[in-house]
Protein chains: 2
Amino acid sequence: MQADSWSPTSVLLTVDLVILTLREGRLCVLLVERGEDPFRGMLALPGGFLNHDGEEILDAAHRELSEETALTSGRVHLEQMATYGDSGRDPRGRVVSVAHLAIAPGLPDPVAGTDATDAAWVPAESVLSGGVELAFDHHRIATDGIEQARTKLEFSALATAFCRETFSIAELQQVYEAVWGTELDTRNFYRKVQAAKGFIVPAGSGRRDTGGRPARLYKAGPQTVLFPPLIRPAPSTTEETTRGEEQ
Amino acid sequence: MQADSWSPTSVLLTVDLVILTLREGRLCVLLVERGEDPFRGMLALPGGFLNHDGEEILDAAHRELSEETALTSGRVHLEQMATYGDSGRDPRGRVVSVAHLAIAPGLPDPVAGTDATDAAWVPAESVLSGGVELAFDHHRIATDGIEQARTKLEFSALATAFCRETFSIAELQQVYEAVWGTELDTRNFYRKVQAAKGFIVPAGSGRRDTGGRPARLYKAGPQTVLFPPLIRPAPSTTEETTRGEEQ
DNA sequence: ACAAAAGTGTTACGATTACACCCATGC
DNA sequence: GCATGGGTGTAATCGTAACACTTTTGT
């Protein structure tokens with residue numbers, strides 16, 4: 001720590017959320033239209049300042065999550081992602097944002113937030129391709145969040161957070177296919193997730209109205225790290241030599 | 001973002017550094033003895049408040065790194081790790097710390113910082129086992145940093161940051177063995193690192209006074225992500241079912 | 001010549017893939 | 001019965017581990 005001869009700079013702290021879900025087989029991000037003035041009317045990630053003195057960062061993220069979504073129970077995955085504090089990122093002054101990644105099962109269609117004028121699920125593809133413009137540095141944050149979700153799917157049990165309490169293995173596979181944007185072999189996927197001990201545990205015989213033989217149902221197991229991991233197939237011949245690492 | 005009906009809380013922002021290096025084949029962390037009053041005389045991670053209005057977080061981390069170590073050139077790896085902001089973590093008030101991970105080649109023995117009374121390289125093992133007490137929540141931060149380094153060694157070219165400008169493959173192997181605490185087969189390691197294209201590139205024939213045939217020398221390649229990755233051998237039969245994920 | 005360390009070939013094994021096949025249910 | 005989707009068996013293939021072996025230098 002530094003000597004206190006000069007007074008240290010204080011900053012405003014916000015939490016921003018990259019909330020991901022699956023809608024009609026597509027990975028989507030929750031975006032809100034800003035009702036307040038910096039970037040009023042523009043799309044942005046949900047988020048906000050710390051509430052009162054003493055609110056924990058993770059609590060603030062949970063609070064913003066509840067405000068923006070109609071999340072019933074505590075069945076949401078929420079974890080810290082990275083901190084963005086570039087001096088020019090907010091016109092109001094020095095605002096540092098601790099970005100979080102949230103994963104939720106498919107949520108009711110249009111979600112009306114408390115202070116946000118409007119909220120909408122936007123396909124992750126549109127964000128990645130730059131098709132939508134976002135306020136602040138939220139494009140960067142959203143991109144980082146999506147990429148992090150893709151990576152964590154390989155090594156952690158994150159995929160179950162996209163599903164409801166109980167789910168079939170086919171549903172779990174759809175999560176992987178949607179987030180990665182690839183197709184997987186049903187039979188091999190079946191055995192791989194079973195091989196990862198503690199990933200999923202049986203939860204009764206299933207009743208699903210899909211027509212064929214009913215699938216067995218499972219729920220999330222105790223393990224958070226997957227071994228062996230589910231390796232994401234390489235995007236075929238397209239070599240990508242440029243991938244930044246340090247931020 | 002929230003409406004401005006109430007004034008948002010401002011916090012003090014610090015950067016803390018988990019600086020890792022190899023000394024005599026052991027992974028070590030740089031710790032300083034605090035000369036100022038919260039936890040005066042106790043060991044802590046190097047770090048400090050943001051300097052003046054407008055200093056970028058990453059710049060502050062670089063500055064602290066230079067102050068605490070005698071780093072000559074820019075050959076240091078520095079990346080953001082995680083943010084720690086629990087309300088009780090600093091007795092002076094609400095202080096939020098953006099922790100960074102730094103990797104450096106073996107540095108001169110005793111490093112005297114500018115404001116820290118004393119600085120010392122402490123074996124990572126001692127920190128992990130709880131053998132040394134650290135100020136604030138720095139034990140947690142240091143543990144997280146060491147674990148992150150271990151993981152990143154598998155999938156990124158981080159290991160080269162532990163080496164000097166040029167290095168032999170055997171030296172690179174020592175990095176892996178020290179950080180992971182395992183032994184690796186020399187021959188297979190040799191081919192694995194060569195197979196990861198862009199990881200290391202030749203840098204002239206080597207001269208080392210080790211007695212045998214001189215090793216070829218290499219330098220860090222352009223690639224930051226390793227494919228195929230160098231998988232860390234499982235720690236034998238010892239099952240570990242409890243590994244936290246969310247923070 | 002010998003020791004020490006670098007680098008190469010080769011085989012055995014385990015994991016992964018691709019795909020053929022059988023099972024259970026609704027209509 | 002037959003369409004539909006769930007679940008199992010198996011051979012070809014790939015990557016890896018293990019280790020014998022050759023090469024190059026210093027003394």
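Below, chain A is the first sequence line, B the second, and so on; all start at residue 1.
- When the P atom of dA5(C) is taken as reference, atom CD of Gln174(B) falls 11 Å away, rounded to whole Å.
- By the ring pair (Phe, Tyr, Trp, His ring centres under 6.0 Å) test, Tyr190(A) pairs with no residue at all, sequence neighbours left out.
- Relative orientation of the Tyr176(A) and Phe199(A) rings is perpendicular, given thresholds of 30° and 60° on the angle between their planes.
- Only Asp185(A), Arg187(A), Asn188(A), Arg191(A), listed by number, bring a heavy atom of residues 184-191 of chain A to less than 4.0 angstrom from any atom of DNA chain C.
- Considering only residues two or more places apart in sequence or on other chains, Asp86(B) meets the side chain to side chain donor-acceptor pair (under 3.5 Å) condition with none of them.
- In this structure, the CZ atom of Phe167(A) is 19 Å from the C1' atom of dG5(D), given to the nearest Å.
- Between Ile231(A) atom CD1 and dT16(C) atom P the separation is 8 Å, expressed in whole Å.
- With sequence neighbours left out, Glu177(B) forms a side chain to side chain donor-acceptor pair (under 3.5 Å) with Gln173(B).
- Atom CZ in Arg213(A) sits roughly 5 Å away from atom C1' in dA24(C) (whole-Å rounding).
- Not one side-chain nitrogen or oxygen of Lys192(A) sits closer than 4.0 Å to the OP1 or OP2 atom of dA15(C).
- Among residues two or more places apart in sequence or in another chain, the side chain to side chain contact (heavy atoms under 4.5 Å, CB included) test is passed with Gln148(B) by Glu79(B), Met81(B), Leu101(B), Lys152(B).
- In this structure, Arg232(B) atom CZ and dT16(D) atom C1' are separated by 18 Å, rounded to whole Å.
- Among residues two or more places apart in sequence or in another chain, the side chain to side chain donor-acceptor pair (under 3.5 Å) test is passed with Arg191(B) by Asn188(B).
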